[in-house]
Asks: 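What follows is a single structure, and I will ask about it in a moment.
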2 protein chains.
Amino acid sequence: MQVTADDLVGVLRGRGLRITAPRRSVCAILADAYGEHLTAADIHRRVEDTEGRSIDQSTVYRTIDTLEETGLLTHTHLGHGPLIYHLAGEAPHQHLMCRRCSRSIGMLANELEPFYAEITRLTGFVVDPTHGVIWGLCADCAATG
Amino acid sequence: MQVTADDLVGVLRGRGLRITAPRRSVCAILADAYGEHLTAADIHRRVEDTEGRSIDQSTVYRTIDTLEETGLLTHTHLGHGPLIYHLAGEAPHQHLMCRRCSRSIGMLANELEPFYAEITRLTGFVVDPTHGVIWGLCADCAATG
DNA sequence: ATAATTGCAAACGGTTTGCATGACC
DNA sequence: GGTCATGCAAACCGTTTGCAATTAT
């Protein structure tokens with residue numbers, strides 16, 4: 001585990017934000033899930049399951065917002081479904097999402113650096129690899145497709 | 001205009017589907033908007049505005065589904081907002097969406113073909129450039145960022 | 001005639017909001 | 001004590017669904 005709940009809580013405190021039980025819980029879940037992709041519903045459920053305490057879903061969303069505003073958390077748009085969240089400290093990766101089987105593959109963003117650089121060269125646009133998903137067919141589905 | 005409403009209607013008829021007034025209207029709007037990005041709500045509104053006829057939104061969605069199933073229409077995921085639709089005959093575009101100003105730039109997908117090929121080489125994953133959006137900062141926002 | 005399509009209205013999933021109660025500093 | 005955060009419930013947007021009435025074939 002690279003980041004602890006206390007690290008996250010410490011940053012919130014440093015911004016003058018109040019340290020409440022729900023905020024502690026969400027931070028603990030996120031630190032614990034380092035490297036995983038969690039939805040807001042996942043976070044909500046895990047708080048109840050592992051902390052034994054129930055918090056409202058609106059509190060989950062508001063805590064997520066707070067963490068994003070402080071730069072600790074980022075989200076990724078995975079199609080029509082819920083957003084997924086990961087701690088900002090993780091190695092940036094590009095998600096490849098299969099349209100047929102809905103499996104999602106992660107590629108390290110720096111493997112795709114030439115691709116992003118070419119987009120910038122052609123258009124001036126600077127790519128944020130973690131924020132979106134590239135759609136297509138995974139190797140298996142492409143083969144049987 | 002590269003495709004006419006009659007072309008689209010003809011394909012539906014060829015599949016044994018019934019040609020109804022709502023289907024004619026949606027096809028007319030889509031043919032008319034060739035090259036534009038329409039949401040389901042756009043299509044709905046334009047049918048009312050330009051055809052003078054009101055159709056239900058569920059009919060719009062069902063007609064969209066029908067057109068996608070027959071391969072005439074495709075959709076693109078633009079973040080959390082509504083899906084956008086374009087006729088399958090259009091030149092494939094990669095959308096670049098600015099996180100700050102929400103402007104969306106279209107790039108011809110074949111300009112990026114070598115990079116899609118590289119993704120396939122590394123992972124076996126076959127990219128569908130039209131189906132998703134690449135997020136980041138447009139040239140203007142990156143400069144003032 | 002009969003099967004496909006429509007309109008309506010209600011539900012859906014994911015997220016946001018208004019407001020009164022509560023708790024942190 | 002003052003303000004910030006929470007829970008609750010209700011609203012929101014985009015989309016889907018069940019079902020009875022309609023219409024193309």
Side-chain angles (χ1 to χ4, degrees), chain A residues 8-29 37-48 51-70 72-85 102 133, chain B residues 6 8-29 37-48 51-70 73-85 102 133:
Chain A
L8 301 172
V9 168
V11 174
L12 296 182
R13 200 191 319 270
R15 305 268 174 144
L17 295 164
R18 296 191 178 169
I19 306 309
T20 64
R23 282 181 175 168
R24 277 186 203 281
S25 300
V26 171
C27 287
I29 297 303
H37 302 143
L38 299 184
T39 66
D42 291 333
I43 296 169
H44 187 216
R45 183 168 0 88
R46 291 200 190 183
V47 169
E48 305 214 358
E51 306 272 313
R53 159 195 303 110
S54 157
I55 67 181
D56 194 73
Q57 52 172 355
S58 66
T59 302
V60 174
Y61 283 106
R62 288 193 269 231
T63 303
I64 286 170
D65 287 348
T66 303
L67 291 168
E68 291 200 87
E69 279 159 19
T70 58
L72 292 167
L73 194 66
T74 62
H75 67 259
T76 302
H77 295 272
L78 231 55
H80 16 224
L83 298 177
I84 61 172
Y85 297 92
S102 296
V133 175
Chain B
D6 283 349
L8 301 172
V9 167
V11 174
L12 296 183
R13 199 192 319 270
R15 305 268 174 145
L17 296 163
R18 295 188 179 174
I19 307 310
T20 63
R23 283 180 175 169
R24 276 185 203 282
S25 300
V26 171
C27 287
I29 297 302
H37 301 145
L38 299 184
T39 66
D42 291 334
I43 295 170
H44 187 216
R45 182 167 2 86
R46 291 200 188 183
V47 168
E48 304 213 0
E51 307 271 314
R53 163 205 339 285
S54 157
I55 67 180
D56 193 75
Q57 53 172 355
S58 66
T59 302
V60 173
Y61 283 106
R62 288 193 270 231
T63 303
I64 285 169
D65 287 348
T66 303
L67 291 167
E68 291 201 88
E69 280 159 20
T70 58
L73 193 68
T74 61
H75 67 260
T76 302
H77 294 271
L78 231 56
H80 17 224
L83 298 177
I84 61 172
Y85 297 92
S102 296
V133 175

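No experiment lies behind these values; they were computed from the predicted model shown. Residue numbers start from 1 in every chain, and the chains themselves are labelled A, B, ... in the order their sequence lines are given, proteins ahead of strands.
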Asks: How long is the line joining CD of A:Gln57 and P of D:dA11, in whole Å?
Replies: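 Between P of D:dA11 and CD of A:Gln57: 15 Å.
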
Asks: For B:His75 and D:dG14, what is the distance between atoms NE2 and P respectively, to the nearest whole Å?
Replies: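 Nearest whole value for this atom pair: 16 Å.
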
Asks: Please collect all side-chain hydrogen bond (donor to acceptor under 3.5 Å, both in side chains) contacts where either partner lies in residues 20-29 of chain B, sequence neighbours excluded, each pair once.
Replies: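 For residues 20-29 of chain B: B:Ser25-B:Glu51, B:Ser25-B:Arg53.
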
Asks: What is the distance, rounded to the nearest whole Å, between atom NE2 of B:His77 and atom P of D:dG14?
Replies: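 Rounding to the nearest Å, NE2 of B:His77 and P of D:dG14 are 15 Å apart.
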
Asks: Rounded to whole angstrom units, what separation is found between the CD1 atom of B:Ile84 and the P atom of D:dC13?
Replies: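 Atom CD1 in B:Ile84 sits about 20 Å away from atom P in D:dC13.
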
Asks: Look at the aromatic rings of A:His75 and B:His80 and report parallel, tilted or perpendicular, splitting at 30° and 60°.
Replies: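 Ring orientation, 0 to 90° scale: tilted.
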
Asks: At a cut-off of 3.5 Å, list every protein nitrogen or oxygen paired with a nitrogen or oxygen from nucleotides 3-5 of chain D, distance to 0.1 Å.
Replies:
{"unit_1": "D:dT3", "atom_1": "O2", "unit_2": "A:Arg18", "atom_2": "NH1", "d": "2.8"}
{"unit_1": "D:dT3", "atom_1": "O2", "unit_2": "A:Arg18", "atom_2": "NH2", "d": "2.9"}
{"unit_1": "D:dC4", "atom_1": "O4'", "unit_2": "A:Arg18", "atom_2": "NH1", "d": "3.3"}
{"unit_1": "D:dC4", "atom_1": "O4'", "unit_2": "A:Arg18", "atom_2": "NH2", "d": "3.3"}
{"unit_1": "D:dC4", "atom_1": "O2", "unit_2": "A:Arg18", "atom_2": "NH1", "d": "3.1"}
{"unit_1": "D:dA5", "atom_1": "OP1", "unit_2": "A:Arg23", "atom_2": "NH1", "d": "2.9"}
{"unit_1": "D:dA5", "atom_1": "OP1", "unit_2": "A:Arg23", "atom_2": "NH2", "d": "3.2"}

Asks: D:dC13 C1' sits how many Å from B:Leu78 CG, rounded?
Replies: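 So the two atoms are 15 Å apart, to the nearest Å.
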
Asks: Counting C-beta onward and ignoring hydrogens, is there a side-chain heavy-atom pair between A:Val47 and A:Val60 closer than 4.5 Å?
Replies: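 No - every pair of side-chain heavy atoms lies 4.5 Å or more apart.
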
Asks: Going 5' to 3' along DNA chain C, which nucleotides are the first and last within contact of chain A (any atom under 4.0 Å from a heavy atom)?
Replies: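 Endpoints of the contacted stretch of DNA chain C: C:dG14 to C:dC25.
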
Asks: Contact class for B:Thr39 (heavy atom, under 4.0 Å): base, sugar-phosphate, or nothing?
Replies: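 Result for B:Thr39 = nothing.
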
Asks: Among all residues two or more places apart in sequence or in another chain, which pass the ring pair (Phe, Tyr, Trp, His ring centres under 6.0 Å) test with A:His44?
Replies: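 Listed in chain order: nothing, the list is empty.
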
Asks: How many whole angstroms separate atom CG of B:Asp56 from atom P of D:dG14?
Replies: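 Rounded to whole Å, this separation is 16 Å.
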
Asks: Would you kindly compare B:Ala21 and B:His80 by the position of their nearest DNA chain D nucleotide and give the one closer to the 5′ end?
Replies: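 Taking each residue's closest nucleotide, the earlier one in sequence belongs to B:His80.
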
Asks: Can you tell me how far the OG1 atom of B:Thr66 sits from the OH atom of B:Tyr61, to the nearest 0.5 Å?
Replies: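 Separation between the atoms: 14.5 Å.
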
Asks: Which residues satisfy the side chain to side chain contact (heavy atoms under 4.5 Å, CB included) test with B:Thr39, sequence neighbours excluded?
Replies: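 So B:Thr39 forms a side chain to side chain contact (heavy atoms under 4.5 Å, CB included) with B:Ala41, B:Asp42, B:Pro82, B:Ile84.
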
Asks: Starting at atom OH of A:Tyr61, determine the distance to atom P of D:dT6, rounded to an integer number of angstrom.
Replies: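 So the OH-P distance, A:Tyr61 to D:dT6, works out to 16 Å.
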
Asks: Between the main-chain N or O of B:Arg18 and the side-chain N or O of B:Arg13, is there a donor-acceptor pair closer than 3.5 Å?
Replies: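 No; judged by distance alone, with no hydrogens or angles, the pair does not exist.
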
Asks: Look up atom SG in B:Cys27 and atom CG in B:Asp6, then write down how far apart they are to the nearest 0.5 Å.
Replies: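 Output value for this atom pair is 9.5 Å.
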
Asks: For B:Asp56, which residues count as a side chain to side chain contact (heavy atoms under 4.5 Å, CB included) partner, sequence neighbours excluded?
Replies: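 Partners of B:Asp56 by the side chain to side chain contact (heavy atoms under 4.5 Å, CB included) criterion, ordered by chain and then number, come out as B:Ser58, B:Thr59.
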
